[in-house]
Amino acid sequence: MTQIPAPEWYKSAVFYELSVRTFADGNGDGKGDFPGLTGKLDYLRGLGVDVLWILPCYPSPLRDDGYDVADYVNIHPDLGTLDDFKVFLREAHARGLRVVTDFVTNHTSSDHPWFQAARRGPTLPDGSPNEYHDYYVWSDTGTEYAGARIIFTDTEVSNWTLDEQSGRYYWHRFFSSQPDLNYDNPRVVEEILQAARFWLDLGVDGFRVDAVPYLIEREGTNCENLPETHDILKRFRRMVDQDYPGRVLLAEANQWPEEVVEYFGTDADPEFHMCFNFPVMPRLYMSLKKEDTTSIREIMERLPAIPAFGQWVTFLRNHDELTLEMVTDDERAFMYAAYAPDTRMKINVGIRRRLAPLLDNDRRRVELLTTVLLALPGSPILYYGDEIGMGDDLSLADRNGVRTPMQWNAGMSGGFSTATPDQCFFPPIGDAVYGYGRVNVQSQEQDPSSLLKWTSRQLELRRRHPAFAVGDLTFIDTDNPAILAFTRRTGDETLLIVSNFAANAQAVHLNLGDYAGRVPVTLAGASPFPTIGDTPYSMILGKYDYYWLRLN
Ligand SMILES: OC[C@H]1O[C@H](O[C@H]2O[C@H](CO)[C@@H](O)[C@H](O)[C@H]2O)[C@H](O)[C@@H](O)[C@@H]1O
Ligand SMILES: [Ca+2]
């Protein structure tokens with residue numbers, strides 16, 4: 001059996017992304033918290049995930065749901081205390097669950113004491129230099145770095161905003177309430193590394209590092225992926241390798257394959273252990289609507305090789321919009337037409353909907369995309385609530401519609417809180433199709449055929465076959481573009497994954513000449529299929545059907 005070295009635990013892990021604020025409320029104030037989350041750890045263990053990625057939990061004015069950090073070394077009071085966090089971490093570890101926290105490096109909140117001090121200008125009234133001013137990026141004209149795109153296109157008109165107090169413009173790649181830190185200042189680098197140490201010393205298993213491409217600005221560039229940015233991130237990695245071996249760094253770099261791969265670094269000069277595979281995600285959805293999987297294969301084959309320690313991270317949905325930054329203009333137009341029929345579904349460069357509504361609440365399509373997610377190279381991330389088919393709330397602003405409370409049961413506020421729905425941080429979804437009366441953990445736990453139970457079984461199946469985690473990927477040529485077929489191969493086993501992206505039954509011939517004489521056997525039921533011969537292998541798949549097979 002293929003052995004994955006212990007420090008590379010992340011390669012076989014299934015991640016689960018959750019927001020503490022909307023997962024479970026332990027004290028009845030309508031806001032999720034660490035005691036509430038701690039009470040749900042057995043559920044998460046039972047589901048079969050390995051790592052919890054928790055969204056930002058720092059003190060924050062919450063103008064960007066916590067991605068606006070006002071204090072790097074504490075917990076937001078709504079979520080509990082630092083001691084509550086420690087208890088949570090201990091209890092998660094006791095259950096064999098690892099915890100990766102979100103680390104927001106590019107910017108702080110404008111409420112952060114550093115920024116408030118910076119606003120006093122470069123020189124203090126007594127004539128001494130204001131060391132905090134240089135923690136941020138300033139301009140007298142707000143005209144520099146014109147080559148940098150605006151990311152939050154729906155709200156921001158410039159990456160510069162005038163600060164009335166200092167009379168100078170400050171740089172921000174996201175909301176104007178999120179001033180970018182100045183990574184050309186060595187003190188900023190030190191401060192951020194110290195903040196990372198604080199959490200690593202407490203025992204977190206790593207970080208999902210937010211918005212890493214934007215650390216450094218240079219005139220005449222688009223201010224993304226600059227060599228100086230990579231130098232800083234490599235320093236972060238060296239600190240982790242030296243003082244915290246076995247912890248993991250995951251890069252959020254929403255970039256094309258050629259750029260994102262740079263965030264792994266090299267075996268000799270490593271950077272991140274893991275990077276999100278942003279480009280493949282929209283192509284999974286696109287392939288469904290087009291009934292043509294060519295774009296999945298093309299983008300996967302375009303991914304450059306990664307260092308031996310590296311692992312991709314795959315996902316279908318997350319707390320943000322379904323980003324359409326890594327597609328062509330035509331593909332983006334197609335995606336909007338296919339998946340955002342209501343203009344309220346569009347935000348910035350993406351679509352703010354959850355998995356089940358995106359797929360018309362069609363269980364077959366949800367299963368199909370989930371099986372592809374679990375079978376493609378990389379460690380998959382499940383977004384909380386998608387395992388039960390939760391819906392979204394378009395009436396909520398920004399991306400909050402996909403951040404509604406977890407639906408635990410059919411009781412008050414879906415079991416999220418003892419507070420009434422109107423007292424909850426975001427109102428729980430209560431409609432007839434996706435509401436907690438119909439869609440909840442408790443009812444699905446009692447139903448062996450529920451999406452929740454199916455997901456759990458699929459994770460268990462994946463766990464039993466290390467080829468899913470570390471096997472080589474080879475696409476199989478077919479005569480039907482609606483069918484995606486590939487193998488995942490390690491020294492001991494070859495898995496064959498065949499998926500039908502069409503809404504009708506399909507026939508396909510697979511070029512399996514390399515495997516003549518082998519017998520495909522289903523992973524779930526151990527049912528043998530006809531032996532592979534010298535001619536193309538013929539298969540029939542029902543609508544949105546899939547096979548997970550081992551080639552014996
Ligand atoms: O902290 C600011 C933002 O950082 C992440 O943003 C990412 O999401 C954007 C879409 O919402 C995306 O376009 C961008 O490329 C990413 O860096 C974080 O996930 C956001 O929640 C946050 O607002
Ligand atoms: Ca609470």
Side-chain angles (χ1 to χ4, degrees), residues 17 19-39 53-58 60 62-69 75-81 84 102-110 148-156 159 172-181 208-215 222-225 250-256 259-260 263 275-276 278-279 281-282 315 317-327 332 346-352 381 383 397-403 405 413 416-419 423-425:
E17 178 194 358
S19 161
V20 180
R21 194 167 287 105
T22 54
F23 202 63
D25 176 14
N27 65 357
D29 66 356
K31 297 163 185 162
D33 45 45
F34 279 105
L37 171 58
T38 305
W53 155 25
I54 54 173
L55 291 169
C57 294
Y58 311 91
S60 162
L62 303 182
R63 296 186 194 106
D64 185 9
D65 207 23
Y67 282 94
D68 45 334
V69 178
I75 292 292
H76 194 293
D78 287 352
L79 308 182
T81 63
D84 292 331
D102 219 304
F103 196 58
V104 189
T105 46
N106 179 65
H107 44 266
T108 67
S109 162
S110 51
R149 68 188 165 121
I150 292 169
I151 296 170
F152 286 167
T153 48
D154 284 5
T155 44
E156 303 306 311
N159 287 322
H172 55 89
R173 292 308 301 270
F174 296 94
F175 291 127
S176 58
S177 55
Q178 293 165 304
D180 274 36
L181 285 163
R208 176 264 193 194
V209 190
D210 185 58
V212 293
Y214 317 108
L215 300 190
N222 66 358
C223 300
E224 300 186 16
N225 315 315
L250 160 59
E252 195 231 8
N254 188 355
Q255 300 287 326
W256 288 99
E259 277 87 37
V260 71
Y263 288 90
C275 292
F276 286 105
F278 274 99
M281 181 275 295
F315 63 102
R317 288 296 296 115
N318 64 19
H319 64 291
D320 286 327
E321 68 272 37
L322 189 168
T323 167
L324 297 175
E325 286 160 271
M326 294 305 120
V327 294
R332 190 174 307 115
K346 296 182 185 174
I347 186 172
N348 299 320
V349 190
I351 301 171
R352 53 185 204 122
I381 292 195
Y383 182 51
D398 199 355
R399 293 147 289 172
N400 298 332
V402 302
R403 302 169 180 177
S413 296
F416 160 70
S417 174
T418 52
Q423 292 169 330
C424 290
F425 186 79

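Numbering of ligands and ligand atoms starts at 1, following listing order. Remember, predicted model here, so these are calculated numbers, not experimental data. Sequential numbering from 1 along the given sequence is applied to the chain's residues.
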(request) Return the name of the atom in D33, of element N, O or S, nearest to the Ca ion (ligand 2). (result) OD2
(message) If only side-chain N and O atoms count, and only distance matters, is there a donor-acceptor pair under 3.5 Å linking S177 with D68?
(response) no
(message) Rounded at 0.5 Å granularity, tell me how far CD in Q178 sits from CG in N106.
(response) 9.0 Å
(request) Please identify which atoms of ligand 1 are closer than 4.0 Å to at least one heavy atom of F152. (result) 11 (O), 23 (O)
(message) Taking 4.0 angstrom as the limit and counting only heavy atoms of E325, give me the atoms of ligand 1 inside it, by number and element.
(response) 12 (C), 13 (O), 15 (O)
(request) Mark up the atoms of ligand 1 that fall under 4.0 Å of a heavy atom belonging to E321, in ascending order. (result) 10 (C), 11 (O)
(request) Give the residue, atom name and distance (to 0.1 Å) of the protein heavy atom nearest atom 17 (O) of ligand 1. (result) E252 OE1, 3.0 Å
(request) Could you see which bit of Y214 sits under 4.0 Å from ligand 1, with heavy atoms only: side chain, backbone, both or neither? (result) side chain
(request) Would you mind listing which atoms of ligand 1 come within a distance below 4.0 Å of any non-hydrogen atom of R399? (result) 11 (O), 20 (C), 21 (O), 22 (C), 23 (O)
(request) Return the minimal non-hydrogen interatomic distance between I75 and G80, and the atom names on each side. (result) CG2-O, 3.5 Å
(message) For the CZ atom of F278 and the CG atom of N318, what is their distance to the nearest 0.5 Å?
(response) 6.5 Å
(request) Heavy-atom distances under 4.0 Å are what count here, so tell me which part of F175 touches ligand 1: side chain, backbone, both or neither. (result) neither
(message) With a cut-off of 3.0 Å, does G30 put an N/O/S atom close enough to the Ca ion (ligand 2)?
(response) no
(request) Measure the acute angle between the ring planes of F315 and F276, then classify it against the limits of 30° and 60° as parallel, tilted or perpendicular. (result) perpendicular
(request) Check whether any heavy atom of R352 sits under 4.0 Å from an atom of ligand 1. (result) no
(message) Just to be sure I read this right, does ligand 1 sit under 4.0 Å from the backbone of I151, its side chain, both, or neither, counting only heavy atoms?
(response) side chain
(request) Taking the Ca ion (ligand 2) as the reference point, name the nearest N/O/S atom of D25. (result) OD1
(request) Look at D210 together with R208 and state whether they make a salt bridge at an N to O cut-off of under 4.0 Å. (result) yes
(message) Please find the pair of heavy atoms, one from P279 and one from M326, that lie closest to each other, and give the distance.
(response) CA-CB, 3.9 Å
(message) I'd like to check which ligand 1 atoms, numbered from 1 as shown, lie under 4.0 Å from a non-hydrogen atom of H319.
(response) 18 (C), 19 (O), 20 (C), 21 (O)
(request) Give me the one residue out of D25, D29, T22 that meets side chain to side chain donor-acceptor pair (under 3.5 Å) with S417. (result) D25
(request) Below 4.0 angstrom from a heavy atom of H107, which ligand 1 atoms are there? Numbered from 1 as shown, please. (result) 1 (O), 2 (C)
(message) What is the name of the N/O/S atom of D29 that is nearest to the Ca ion (ligand 2)?
(response) OD1
(request) Return the minimal non-hydrogen interatomic distance between P213 and E252, and the atom names on each side. (result) CD-O, 3.7 Å
(request) Answer yes or no for N27: is there an N/O/S atom below the 3.0 Å cut-off from the Ca ion (ligand 2)? (result) yes
(request) Do me a favour and list the nearest non-hydrogen protein atom to atom 4 (O) of ligand 1 with residue, atom name and distance? (result) D210 OD1, 3.0 Å
(message) Heavy-atom distances under 4.0 Å decide this one: backbone, side chain, both or neither, for Q255 against ligand 1?
(response) neither
(message) Under 3.0 Å from the Ca ion (ligand 2) - does any N, O or S atom of D78 fall there?
(response) no
(request) Check whether any side-chain heavy atom of Y67 lies under 4.5 Å from a side-chain heavy atom of D102, and answer yes or no. (result) yes
(request) Please work out whether the ring planes of F152 and F175 are parallel, tilted or perpendicular, with thresholds of 30° and 60°. (result) tilted
(request) Kindly identify the option in D320, D102, D64 whose heavy atom sits closest to atom 19 (O) of ligand 1. (result) D320
(message) With side-chain contact (heavy atoms from CB on, under 4.5 Å) as the criterion, how do L322 and M281 come out once you've worked through the C-alpha distance, each side chain's angles and the decisive distance to 0.1 Å?
(response) CA-CA 8 Å; L322 189 168; M281 181 275 295; 3.6 Å; yes
